[in-house]
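Fair warning: this is a prediction, and the values are worked out from it, not measured in the lab. Computation of the quantities below employed the complete heavy-atom set of this structure, encompassing side-chain atoms and omitting hydrogens, waters and symmetry-equivalent molecules.
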Amino acid sequence: MKRSIGLALYLAVSGMAYGWARRIVAKRLERGKEHETRHPERLGTASLPRPEGPLLWCHAASVGESVSLLDLIEDLLEARPDLNVLVTTGTVTSAALLKERLPKRAFHQFVPVDATRAIKRFLKHWQPDVAVWTESELWPALIHYTHQTGCPMYLVNARISAQSVKRLRYALGLGRSVLRRFKGIMAQDDLVANRFYYLGADPGSIEVTGSLKENAAPLPVNEDELKSFTAKLAGKQIWLAASTHPGEEDMVAKAHRQARRTAHGLILILAPRHPERGSEITRNLRNTGWRVAQRSAGEPLARDTEIYVADTLGEMGLWYRLAPISFIGGSLVEIGGHNPFEPALLGSAILHGRHVSNFETAYTRFRAEGATVEVPRGDELGRCLIETMPADRTAKLASNGWLVSSEGADVAQHICDVLKAELPPQATP
């Protein structure tokens with residue numbers, strides 16, 4: 001397949017980038033952003049042997065994208081007892097979560113940096129039979145060299161923002177070259193499909209399937225923890241600020257103070273998107289006078305706790321079940337919002353800001369069905385929270401949200417069927 005000028009230039013830089021990549025990984029390791037013992041994986045050095053038999057490789061950017069693949073992975077492993085699944089991500093947080101949730105015969109490695117030497121080392125070791133990318137995590141050199149091995153590649157849960165389209169449109173054909181290396185692009189909706197078409201993807205490769213996140217099972221929960229917290233919070237009013245980012249915690253705290261004037265004793269559960277920020281958030285809240293308990297420090301939710309910082313991994317299923325109202329972060333700052341299906345499936349009414357481009361179609365559906373409340377600005381979060389707190393209002397939003405989240409087609413089964421057809425024939429006993 002021909003290379004565009006943009007891809008040729010990118011690959012030239014990638015070919016000279018290994019030394020630079022080593023320094024970047026070393027600096028990230030010093031800052032705690034790389035795994036203490038597994039950071040060589042980022043340079044293509046595997047920490048596990050390749051299992052025998054067919055290998056499916058799934059790549060996701062971080063926590064949300066990788067979790068959306070879990071049901072699909074389980075379906076594939078059940079259908080093919082000889083199959084193993086490699087899942088790559090780029091964050092320490094996602095690695096820790098996947099360690100707990102990946103099924104047998106599925107395992108995690110860190111994705112190599114987009115430098116030719118690291119990529120070729122990675123591909124030589126793993127030799128995947130099929131490769132699956134999720135959403136918008138597109139590394140040009142990694143995609144190019146994977147395609148060069150003859151491995152069929154699919155982009156699932158595919159999405160791309162309008163801003164990314166503008167950037168790639170004028171990147172000397174880079175976007176077109178990258179997208180044409182995918183055998184199939186499974187877009188979340190018609191708008192996304194049109195964006196990929198506009199960028200130059202092969203029209204025959206694009207189909208609209210919906211999102212795996214619409215069809216994911218409800219988040220798991222530790223039943224003992226659920227019983228314990230339900231007892232502790234009996235008779236209390238609570239709300240959740242989920243997946244918050246820097247800048248949003250201040251807005252959330254101000255909204256909480258405003259709401260407590262109406263609902264005395266109201267408790268906020270604050271679950272930051274990146275749990276490693278928990279200590280900093282706790283310290284800042286205490287400095288402004290709040291009585292705070294921090295979960296990762298083992299501090300109990302006491303009678304006088306006003307804010308509970310839930311800075312742990314893998315417990316969002318617990319918090320969504322406990323909170324009748326959830327504000328979904330990344331939406332009052334320009335992050336693009338996070339998954340609304342997770343709280344909706346667990347009966348939590350949703351508040352969100354206007355920056356929801358990551359789930360643009362989903363939030364449009366939720367709003368159209370009266371299943372969310374959009375907060376226009378950060379300083380209006382308190383007002384919106386107070387207006388949502390009456391039991392009949394909360395129940396109506398939660399009910400509408402559950403209906404929307406239960407409507408999706410079986411996306412996972414369709415993708416599973418496509419990928420099974422790409423795998424080598426199963427050996428007969």
Side-chain angles (χ1 to χ4, degrees), residues 1-4 6-7 10 56-62 64-66 68-69 71-73 75-76 85 87-89 111 114 128-169 171 173-216 336 357-362 408-423:
M1 183 177 290
K2 291 182 179 180
R3 305 178 190 179
S4 65
L7 181 59
Y10 188 98
L56 176 77
W57 167 32
C58 297
H59 175 63
S62 189
E65 295 85 349
S66 54
S68 72
L69 291 171
D71 288 343
L72 174 63
I73 290 171
D75 290 345
L76 285 162
V85 177
V87 182
T88 58
T89 64
V111 68
D114 215 34
D129 293 286
V130 183
V132 178
W133 267 259
T134 59
E135 303 205 12
S136 56
E137 179 77 352
L138 303 175
W139 292 104
L142 186 58
I143 291 168
H144 169 76
Y145 288 114
T146 303
H147 177 265
Q148 206 172 59
T149 68
C151 175
M153 300 187 300
Y154 287 84
L155 180 60
V156 305
N157 268 12
R159 65 177 176 85
I160 190 167
S161 68
Q163 291 78 10
S164 295
V165 170
K166 288 179 182 178
R167 287 196 302 270
L168 287 171
R169 186 66 176 171
L174 177 62
R176 184 180 190 278
S177 287
V178 168
L179 294 175
R180 291 254 166 175
R181 280 158 173 76
F182 285 102
K183 187 170 182 179
I185 296 175
M186 302 181 187
Q188 294 187 13
D189 53 58
D190 290 325
L191 176 62
V192 167
N194 287 334
R195 287 173 180 169
F196 281 116
Y197 177 78
Y198 179 71
L199 273 176
D202 179 1
S205 73
I206 303 171
E207 63 174 318
V208 178
T209 61
S211 170
L212 283 168
K213 292 179 178 178
E214 293 184 40
N215 300 275
S357 58
N358 291 343
F359 291 87
E360 191 172 355
T361 300
D410 195 353
V411 180
Q413 186 58 56
H414 172 68
I415 296 174
C416 182
D417 291 341
V418 171
L419 297 178
K420 281 192 298 182
E422 293 288 357
L423 291 169

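Thr209 approaches Val411 most closely through the heavy-atom pair O-CG2, 3.1 Å.
Side chains of Ile160 and Leu199 form a contact here, defined as non-hydrogen atoms less than 4.5 Å apart. Within the 4.5 Å cutoff, side-chain heavy atoms of Leu419 are placed close to those of Leu72. In this structure, Asn157 and Glu65 have side chains that are not in contact, with every pair of non-hydrogen atoms separated by 4.5 Å or more. A 4.5 Å side-chain heavy-atom check between Asp71 and Leu212 finds every atom pair outside the cut-off.
The side chain to side chain contact (heavy atoms under 4.5 Å, CB included) test applied to Ser177 returns Ser4, Leu7, Arg181, not counting sequence neighbours. For Arg180, the side chain to side chain contact (heavy atoms under 4.5 Å, CB included) partners two or more places apart in sequence, or in a different chain, are Met1, Arg176, Asp202, Pro203. With sequence neighbours left out, the side-chain hydrogen bond (donor to acceptor under 3.5 Å, both in side chains) criterion links Arg167 to Ser164. The side-chain hydrogen bond (donor to acceptor under 3.5 Å, both in side chains) search around Thr134 returns none, not counting sequence neighbours. Take Asp114 and apply the side chain to side chain contact (heavy atoms under 4.5 Å, CB included) test, not counting sequence neighbours, and it matches Tyr10, Ile119, Trp139, Pro140, Ala141, Leu142. Applying the side-chain hydrogen bond (donor to acceptor under 3.5 Å, both in side chains) test to Ser205 and every residue at least two apart in sequence or in another chain returns nothing. Looking at residues two or more places apart in sequence or on another chain, you find a side-chain hydrogen bond (donor to acceptor under 3.5 Å, both in side chains) between Tyr154 and Glu422. Taking the side chain to side chain contact (heavy atoms under 4.5 Å, CB included) definition, one finds that Ala362 meets it with Pro340, Phe341, Phe359, sequence neighbours left out. Under the salt bridge (charged side-chain N to carboxylate O under 4.0 Å, His left out) criterion, Asp417 pairs with Lys420, sequence neighbours left out.
Residue pairs meeting the ring-ring contact (aromatic ring centres under 6.0 Å, His included) criterion with at least one member in residues 176-199, sequence neighbours excluded: Trp133-Phe182. Each salt bridge (Lys or Arg N to Asp or Glu O under 4.0 Å) pair with one or both residues in residues 186-199, not counting sequence neighbours, appears once here: Arg195-Glu360. Applying the salt bridge (Lys or Arg N to Asp or Glu O under 4.0 Å) rule to pairs touching residues 130-144 yields Glu135-Arg159, Glu135-Lys213, sequence neighbours excluded.
The CG atom of Leu155 sits 7.5 Å away from atom CD1 of Ile143, with the distance rounded to the nearest 0.5 Å. The line from NE2 of His144 to OG1 of Thr149 is 10.5 Å long, rounded to the nearest 0.5 Å. Note: Leu138 CG to Leu179 CG = 6.5 Å, rounded to the nearest 0.5 Å.
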